[in-house]
Amino acid sequence: MGNLFFPKMAAGNLVRNRRFVFPYLLTGLITVAMFYNMTFLAFHKEINNMPGGATIPTIMSLGTGVVGIFAVIFLLYTNTFLMKRRQKEIGLYNILGMSKGHIALVMLWETFYTCLITIAGGLLLGILLSKLILLLLYKVLFFTVSFGFTVNWQSVGTTALLFAAINLAALLINLLHVRLSKPVELLKGGSVGEKEPKTKLLLVLLGLVTLGAGYFIALTTEAPLQALMLFFLAVILVIVGTYCLFTAGSIAFLKAMKRRKDYYYQPKHFIGVSGMLYRMKQNAVGLANICILSTMVLVTVSTCVCLYLGTGDALNTMYPHDITYSQSWQDSGNRSKEEVKAQIQEVLDKAGMVPTHVQEMDQLTSVNSMLEGSTLGLVDPEANFSDLSNTVTTLITTAESYRQMTGTALDLAPGEVALNASEDHTDWQTVTFLDLTFTVKEWLPEPPDLFVEGYSDQYLFLVVADEADLEAIYQQQLQAKDGEIGLVSKIYWGYSMDFDGATKDQITRLYDLLLGNVLTDAGDGSFSCRDVQESEFYALYGGLLFLGLFLGLLFLMATVLIIYYKQISEGYEDKERFAILEKVGMSQQQVRTAIRSQVRMVFFLPLLGAMVHLAVAFKMITKLLAALGLQNIPLFALCCAGTVAVFAVGYFVIYHLTARTYYKIVR
């Protein structure tokens with residue numbers, strides 16, 4: 001054999017199998033380009049210099065890991081499909097006289113061409129698109145666009161090494177398969193489907209239990225912190241349940257339909273049920289993959305879009321005032337309130353700024369409480385947080401602070417409280433905090449517009465008479481924690497100012513002046529500014545949106561490729577079966593109807609499953625969003641509906657495009 005025989009043969013194989021190979025090469029090329037751009041953004045130094053840009057590299061590094069892991073799993077999975085389709089071809093080479101060493105050499109050249117096309121082409125595409133991607137990111141984050149074009153060679157090296165390793169792993173798996181297989185097995189390999197599980201009933205039960213458990217967690221979790229802790233457990237349970245029910249549950253259901261004589265022995269149902277049994281036996285894993293990937297697209301995109309669109313709501317919830325000064329009563333070295341206010345006023349006079357609204361507040365913030373009846377105890381930080389049903393976010397303030405916040409005066413004597421709670425406790429006559437008991441004088445119609453930390457869905461807002469009662473509650477905490485100050489909530493004095501009509505630049509300049517002229521010692525309190533935090537919020541949520549859209553596109557591309565390969569695979573396998581049906585008397589119209597019925601069912605079953613998964617996860621995701629300060633449930637519902645609508649339209653387009661390929665093969 002000449003020196004160019006094997007390279008030419010490898011190139012010819014790729015061309016002849018282009019119907020299978022081209023989509024794989026295109027997917028690999030796009031995945032390489034996406035991975036390069038993700039690492040490009042993670043390593044881009046200029047982003048760090050932008051306001052709030054320090055969080056972007058962290059988010060993109062997380063995305064790099066996700067894309068990398070996904071690329072390994074997905075490309076190796078797709079490679080097994082390609083190898084399955086080519087087993088008959090490789091077995092024929094072996095029978096015609098090519099040794100397994102020669103076949104290995106051909107496969108080595110094929111892998112080289114694959115690397116050349118996907119890695120080199122993907123890097124070139126990624127480099128060409130990197131500036132556009134960067135500009136889009138800057139647009140989302142409201143950053144100032146910079147000129148210039150750079151190539152990050154660290155990203156180039158990382159990307160090339162990863163995908164070269166993936167292709168090498170695929171080659172080794174293929175070589176091992178060829179080495180361990182006999183020529184006759186390879187010739188029959190293309191017609192060997194995925195094996196039907198032997199213990200189908202056990203798998204059905206496992207699927208029902210795991211899916212039910214995942215759904216139960218999603219539907220019954222109330223506390224945001226609990227949702228954060230249990231979310232990934234619920235995801236794993238749902239994934240396991242989805243695979244089990246698609247592989248075994250679908251077959252059990254179809255066999256039950258087959259046992260219904262009056263239903264099964266009709267031409268349409270007979271062909272449909274028997275055909276679906278064959279399809280699900282071979283394609284259940286692929287359909288489960290499509291369902292899981294579709295769910296990932298819907299959840300990722302809808303959540304990230306909601307976070308970005310709700311940035312203003314979250315910002316206003318967490319920072320309701322333009323500028324706020326806060327200091328703890330208990331920290332040593334703090335100055336008196338009058339001294340701090342005098343220094344702030346001095347800076348305001350120099351800056352020529354007059355606040356339109358000023359508010360003072362003394363508050364014991366976010367006490368970690370457990371509610372038993374009308375008694376509040378402290379949460380043990382070392383306790384098991386698997387059950388947080390009795391956990392209550394407790395905020396306590398004075399009557400004077402409440403008057404400044406709401407304009408409503410409360411007539412409270414020492415030992416009396418006014419209350420508002422997330423649940424109906426109007427039958428309480430007293431409320432006890434550890435060993436302190438207060439008389440409930442009145443119930444408030446609603447709490448003031450305060451930020452409530454999202455570790456619990458329950459809250460209790462208490463107004464005590466004065467600072468003495470507030471200090472007494474703090475001392476109770478301190479005694480309960482054996483004097484460990486770091487484990488108790490502190491009392492904070494806050495001084496907030498609003499400047500209606502002032503520009504963002506004026507407020508940020510004033511904020512800088514306050515930082516430089518009021519905070520002179522390390523023991524001082526801290527300032528916060530809503531306009532300054534806005535950049536941080538948009539950097540965080542904009543980065544998550546960008547990452548979500550990136551991952552959504554990647555998952556969608558994987559979904560399309562799996563669907564395409566399944567259609568081609570089923571087309572070749574069904575061609576002979578439907579030819580036999582025509583020979584035994586079925587008309588072409590009946591055959592077409594049967595084909596359409598089966599293809600539609602196979603296609604839209606994963607989409608239906610993904611929509612059900614999203615609907616069940618809706619409540620749990622809203623709890624996670626609440627932990628990030630976003631409690632706008634209607635906005636998330638709208639984002640979910642929009643994402644599902646757009647995805648369903650795209651899914652329908654994919655169905656029509658791939659179904660045409662299937663029909664051409666079958667007919």
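Numbers for residues simply follow the sequence, beginning at 1.
For Asp349, the side-chain hydrogen bond (donor to acceptor under 3.5 Å, both in side chains) partners are Gln345, not counting sequence neighbours. Among residues two or more places apart in sequence or in another chain, the salt bridge (Lys or Arg N to Asp or Glu O under 4.0 Å) test is passed with Glu467 by Lys337. Residues satisfying the side-chain hydrogen bond (donor to acceptor under 3.5 Å, both in side chains) criterion with Thr300, sequence neighbours excluded, are absent altogether. Applying the side chain to side chain contact (heavy atoms under 4.5 Å, CB included) rule to Thr437 yields the partners Thr430, Thr432; only residues at least two apart in sequence or on another chain are considered. A search for side chain to side chain contact (heavy atoms under 4.5 Å, CB included) contacts involving Leu219 returns Val616, not counting sequence neighbours. Every residue two or more places apart in sequence or in another chain was checked for a side-chain hydrogen bond (donor to acceptor under 3.5 Å, both in side chains) with Tyr495, and none qualifies. When the side-chain hydrogen bond (donor to acceptor under 3.5 Å, both in side chains) test is applied to Thr39, the partners found at least two apart in sequence or on another chain are Ser155. A search for side chain to side chain contact (heavy atoms under 4.5 Å, CB included) contacts involving Ser528 returns Tyr319, Thr324, not counting sequence neighbours. By the ring pair (Phe, Tyr, Trp, His ring centres under 6.0 Å) test, Phe499 pairs with no residue at all, sequence neighbours left out. For Leu434, the side chain to side chain contact (heavy atoms under 4.5 Å, CB included) criterion is met by Leu378, Gln476, Ala480, not counting sequence neighbours.
Of the possible polar contacts, none joining the Thr439 side chain to the Lys441 backbone as a donor-acceptor pair under 3.5 Å is found.
Distance check: Arg403 CZ to Met361 CE gives 14.5 Å after rounding to the nearest 0.5 Å. Taking CZ from Phe40 and OG1 from Thr158, the interatomic distance works out to 13.5 Å, rounded to the nearest 0.5 Å. Here the CE-CG distance, from Met497 to Leu514, works out to 5.5 Å after rounding to the nearest 0.5 Å. The distance from atom CG of Leu444 to atom CG of Leu410, rounded to the nearest 0.5 Å, is 6.0 Å. Atom CZ of Phe433 is separated from atom CG of Leu460 by 10.0 Å, given to the nearest 0.5 angstrom. The CG atom of Leu230 sits 11.0 Å away from the CZ atom of Phe216 when rounded to the nearest 0.5 Å.
The ring pair (Phe, Tyr, Trp, His ring centres under 6.0 Å) contacts involving residues 614-640 comprise Phe618-Phe636, where partners must be two or more places apart or lie in separate chains. Pairs of residues two or more places apart, or lying in two chains, that qualify as salt bridge (Lys or Arg N to Asp or Glu O under 4.0 Å) and include a residue from residues 310-327 are Asp322-Arg530.
Considering every non-hydrogen atom in both Leu545 and Cys304, the closest pair reads CA-CB, 3.7 Å. Contact detail for Asp531 and Lys504: the closest heavy-atom pair is O-CE, 3.6 Å. Residues Gly415 and Asp469 come closest through the heavy atom pair N-OD2, 3.1 Å.
Checked against Leu419 for a side chain to side chain contact (heavy atoms under 4.5 Å, CB included), the options Phe438, Trp428, Phe461 give a single hit: Trp428.
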Take Tyr459 and Asn420 through the side chain to side chain donor-acceptor pair (under 3.5 Å) test and state the conclusion after the steps. CA-CA 8 Å; Tyr459 72 84; Asn420 180 272; 2.8 Å; yes

Let's go through Gln475 and Glu471 carefully: what are the C-alpha distance in whole Å and the side-chain angles of both, what is the deciding distance for side chain to side chain donor-acceptor pair (under 3.5 Å) to 0.1 Å, and is it a yes or a no? CA-CA 6 Å; Gln475 292 299 329; Glu471 177 66 26; 2.7 Å; yes

